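Letters A, B, ... mirror the listed sequences (proteins, then strands); counts begin at 1. Note that this is a predicted model, so its numbers are computed, not measured.
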Amino acid sequence: MSFWFNTDLPTEELAQQLLGCLLIKETEEGVTSGWIVETEAYLGEMDQAAHSFGLRKTPRLEAMYQSAGTIYIYQMHTHTMLNIVAKEAGDPQGILIRALEPHSGVELMEQRRNMSGLGVTSGPGKLTKAMGITREDYGTSISEPPLYLSSDQRRIPKNIIASPRIGIPNKGKWTDEPLRFTVGGNPYVSRKKGTVDLDLGWQ
DNA sequence: TCATTGATGTTCT
DNA sequence: GAACATCAATGAC
């Protein structure tokens, strides 16, 4: 099976390659999918902002120590976050999926979010609710249903914008490190600033 | 067992 | 732009 990730690449490069991949979630209610337009890299052992900083290992972090492509789910403030493990087993680096451009199942996503428009998937907690992603998906593989990536329908970003990560103050240089990657000009990016391109930033 | 703390989102000003 | 809702994981005891 051909797949997107290559554990020889640095996590921050994998995070950029994820932009434009189609994420698909199958549920009993229906299938939803969307293109990834925003990611953040978490560099594990050396990254003070990562849960796995210093190779800390707790039951919650179990999936981070699995092999690349394992799904790590984290919940806070009643919100669920979706991460994908980026390196081989024992090297707890991961990529946070922060925003999607909806593709199919849009009505179902709007129904789950009880709203329509750009706000449906423009944030890490929002997209998981829109797609019905829960801790049930914890530890499963990103290459197998019900939650998986498609490389068939992938889009290529025209520009990739790097910027500091969101919501991690007081972490020294890691607060300012440009490990957040977005599709330039795409309106579904969270905390968007700047203009929106007519082609939404895709090639 | 209990207190603290967020990789956030919504709402109000 | 700032407050707060709201809860599970974590770590101290």
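Two residues are said to be in side-chain contact when any heavy atoms from C-beta on lie closer than 4.5 Å; A:Trp35 and A:Cys21 fail this criterion.
For the pair A:Arg180 CZ and B:dA7 C1', the computed distance is 12 Å after rounding to whole Å. Atom CE in A:Met76 sits about 11 Å away from atom C1' in C:dA8, given to the nearest Å. Atom OH of A:Tyr138 and atom P of C:dA9 are 10 Å apart (whole Å). At whole-Å resolution of the value, NZ in A:Lys171 and P in B:dT5 are 12 Å apart. Spacing between atom CD1 of A:Ile73 and atom C1' of C:dA9 amounts to 15 Å, rounded to whole angstrom units. The distance between atom NZ of A:Lys57 and atom P of C:dT10, rounded to the nearest whole Å, is 13 Å. Across the protein-nucleic acid pair, A:Met64 atom CE and B:dA7 atom P stand 12 Å apart, rounded to whole Å. Nucleotide B:dG9 holds its C1' atom 9 Å from the CE atom of A:Met81, rounded to whole Å.
Contact between the side-chain N/O atoms of A:Lys129 and the OP1/OP2 oxygens of B:dT8 is not found at any separation under 4.0 Å. Put simply, A:Arg98 has no side-chain N or O that comes within less than 4.0 Å of OP1 or OP2 on B:dA7. Between A:Tyr42 and B:dA7 there is no side-chain polar atom (N or O) within less than 4.0 angstrom of OP1 or OP2. A sub-4.0 Å separation between OP1 or OP2 of C:dT10 and a side-chain N or O of A:Thr58 is present.
Base pairing analysis places C:dA2 opposite B:dT11; the two distances defining the Watson-Crick or G-U wobble pair are each below 3.5 Å.
Cluster annotation: A:Met46 is not connected to A:Val85 through the hydrophobic network of ILVMFWY side chains, with a link wherever side-chain heavy atoms come within less than 4.5 Å.
Nearest nucleotide to the A:Pro124 side chain, out of C:dG11, B:dG9, B:dA7: B:dG9. Nearest nucleotide to the side chain of A:Arg56, out of B:dA7, B:dT10, C:dG11: C:dG11. Closest approach to the A:His79 side chain among C:dA9, B:dG9, B:dA7 is made by B:dG9 (side chain taken as heavy atoms from C-beta onward).
A:Lys171 has no carboxylate O lying under 4.0 Å from a charged side-chain N of A:Asp47, or vice versa, which leaves the two without a salt bridge. Using a 4.0 Å cut-off between charged nitrogen and carboxylate oxygen, A:Arg165 and A:Glu40 do not count as a salt-bridge pair.
For C:dA8, the base has no donor-acceptor partner in the side chain of A:His77 [N/O atoms by modelled type, under 3.5 angstrom].
Using a 4.0 Å heavy-atom distance criterion, A:Leu96 is classed as a base contact.
Checked options A:Arg180, A:Arg191, A:Glu38; the residue passing with A:Ser163 is A:Arg180 (criterion: side-chain hydrogen bond (donor to acceptor under 3.5 Å, both in side chains)).
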